[in-house]
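First up is the structure itself, then whatever we jot down about it.
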Amino acid sequence: MRTILITGAADFIGSNFVRMMREKRPDVRIVAFDALTYAGNLENLAGVSEVSGFQFVRGDICDAEALRPWFEGGLDAVVNFAAESRVDRSILGAQEFVRTNVVGVQILLDLARQFPVKRFLQVSTDEVYGSLGPTGKFMETTPIAPSSPYSASKAAADLLVHSYHHTFGLPTLITRCSNNYGPYQFSEKLIPLFVTNLLAGQKVPVYGDGMNVRDWIHVRDHCEAILVVLEKASLGSVYNIGGDCEVPNIEITRQLLRLLGRDGSFIQYVKDRPGHDRRYAMDISRIERDLGWRPRIAFEQGLSDTVEWYKRNEDWWTRIKTGDYLHYYDRQYGVGGVVEAAAAGSRS
Ligand code: NAD
Ligand code: TYD
């Protein structure tokens with residue numbers, strides 16, 4: 001692999017993936033493409049870019065003309081992280097979710113047909129399978145049954161990717177991962193929201209009875225799994241990725257209170273999310289058997305390291321909470337398209 005296009009590279013998982021690629025595959029040229037919506041933060045890529053072979057491009061995956069030059073130039077791989085990804089926002093309005101998560105993926109797929117790439121990996125989610133009862137796990141063969149507008153749009157993208165493989169022989173791969181946590185996560189999601197609230201001396205809003213269960217994975221483990229699938233999996237395959245670590249929300253809340261020295265009075269039970277999926281759990285035996293991957297970071301250790309990261313990077317998350325991060329790109333580069341080098345100074 002010589003050149004990789006990483007779309008949605010300035011987000012939580014995308015930026016962690018870029019960092020891991022710089023470390024593990026320093027010879028691979030990276031084109032990091034991101035629209036920098038409210039969820040994208042170029043500061044997440046600070047420090048990555050000083051080495052040659054990295055290029056940041058501000059652009060929208062729904063804009064074929066903005067993407068075309070990179071496809072024309074020849075790509076060995078495309079990894080698509082770009083998405084509208086917040087369930088709560090999708091409940092408020094689904095339009096952007098359909099635009100980016102469905103139309104954007106179709107545009108990427110059509111470009112990959114026109115200018116052949118060797119591997120096209122779509123980063124998907126366990127949420128496409130819907131919700132589980134108290135027992136059982138999602139397998140790759142579990143029927144798709146999304147329950148939120150977010151997961152419905154991701155499921156539609158998975159089906160499009162599958163159809164382009166089946167109909168046109170496009171060299172596609174799909175990974176479906178469970179809930180990620182770790183450094184650089186935007187503070188609307190459970191763990192960063194609760195950590196930053198507690199650090200700021202504010203209460204944490206637990207939805208419903210707090211007994212909804214998610215399968216938590218450290219973002220580093222997720223990124224390593226994506227790389228293994230990208231390099232080793234058979235074309236057309238789908239792989240579940242998960243932490244093998246089911247935790248109810250209230251248990252995470254208690255662990256965070258303990259790590260941050262706060263008591264139970266900081267818990268505020270609030271009205272439940274409409275259509276709230278009760279339980280997610282991934283069966284990861286296929287990736288383990290075929291590709292030899294397993295998560296390595298234990299949840300207690302990963303959570304405590306993540307809390308430490310947020311403590312060390314208070315100015316990073318304060319800029320997010322105040323909205324100041326939205327001006328980072330313009331401050332660094334003015335308004336424009338292609339940036340040869342992103343910012344300096346790692347925050348990790
Ligand atoms: P995020 O919402 O934090 O970031 C999304 C990124 O995509 C941002 O950088 C944003 O600027 C960019 N983007 C949005 N619309 C775009 C467009 N039209 N064109 C170009 N860029 C655009 O996402 P995340 O939590 O880091 O998740 C990344 C991917 O992983 C998503 O596809 C998500 O569905 C998937 N995923 C996330 C999790 C999780 O726990 N966060 C779990 C499984 C799968
Ligand atoms: P979230 O981080 O939004 O991820 P997802 O909806 O993709 O699983 O939520 C994780 C769990 O935490 C989910 O069951 C909803 C719950 N939650 C709260 O209880 N309070 C909150 O403020 C948030 C953001 C989430």
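Order of appearance sets the numbers: ligands from 1, and atoms from 1 within every ligand. The residues of the chain are indexed from 1 along the displayed sequence. Quick caveat: nothing in here was measured; it's all calculated off a predicted structure.
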Do me a favour and list the nearest non-hydrogen protein atom to atom 3 (O) of ligand 2 with residue, atom name and distance? Arg273 NH2, 3.0 Å
Can you pull out the closest protein heavy atom to atom 31 (C) of ligand 1? Residue, atom name and distance to 0.1 Å, please. Phe81 O, 3.2 Å
Between Asp244 and Lys137, is the closest basic N to carboxylate O distance under 4.0 Å? yes
Using a strict cut-off of less than 4.0 Å between a Lys/Arg side-chain nitrogen and an Asp/Glu carboxylate oxygen, indicate whether Asp88 and Arg273 qualify as a salt bridge. yes
Quick one: which of Arg214, Gln185, Lys189 has a heavy atom closest to atom 1 (P) of ligand 2? Lys189
Using the side chain to side chain contact (heavy atoms under 4.5 Å, CB included) definition, which of the options Val105, Leu121, Val123, Leu109 pairs with Asn80? Val105
Any heavy atom of [X] sitting closer than 4.0 Å to ligand 1?
X      : answer
Phe186 : no
Tyr150 : yes
Gly104 : no
Ser124 : yes
Arg86  : yes
Thr7   : no

Beyond-backbone contact of Pro192 with Tyr310, side-chain heavy atoms, under 4.5 angstrom: yes
Heavy-atom side-chain contact between Arg29 and Gln55 under 4.5 Å: yes
Side chain, backbone, both or neither: which part of Leu190 comes within less than 4.0 Å of ligand 2 when only heavy atoms are counted? both
What part of Ile191, side chain from CB on, backbone N/CA/C/O, both or neither, has a heavy atom under 4.0 Å from ligand 2? neither
Considering the heavy atoms of Asn179, write down every atom of ligand 1 situated less than 4.0 Å from one of them. 40 (O)
Closer than 4.0 Å to some heavy atom of Cys177 - which atoms of ligand 1 meet that? 42 (C), 43 (C)
Going by distance only, is there an N or O of Asp34 that falls short of 3.5 Å from an N or O of ligand 1? yes
Got a second to check how far Ile61's CD1 is from Phe33's CZ, nearest 0.5 Å? 8.0 Å
Rounded to the nearest 0.5 Å, what separation is found between the OH atom of Tyr280 and the CE atom of Met282? 10.5 Å
Would you check, one step at a time, whether the test ring-ring contact (aromatic ring centres under 6.0 Å, His included) holds for Phe120 with Tyr164? CA-CA 11 Å; Phe120 183 108; Tyr164 273 62; 8.7 Å; no
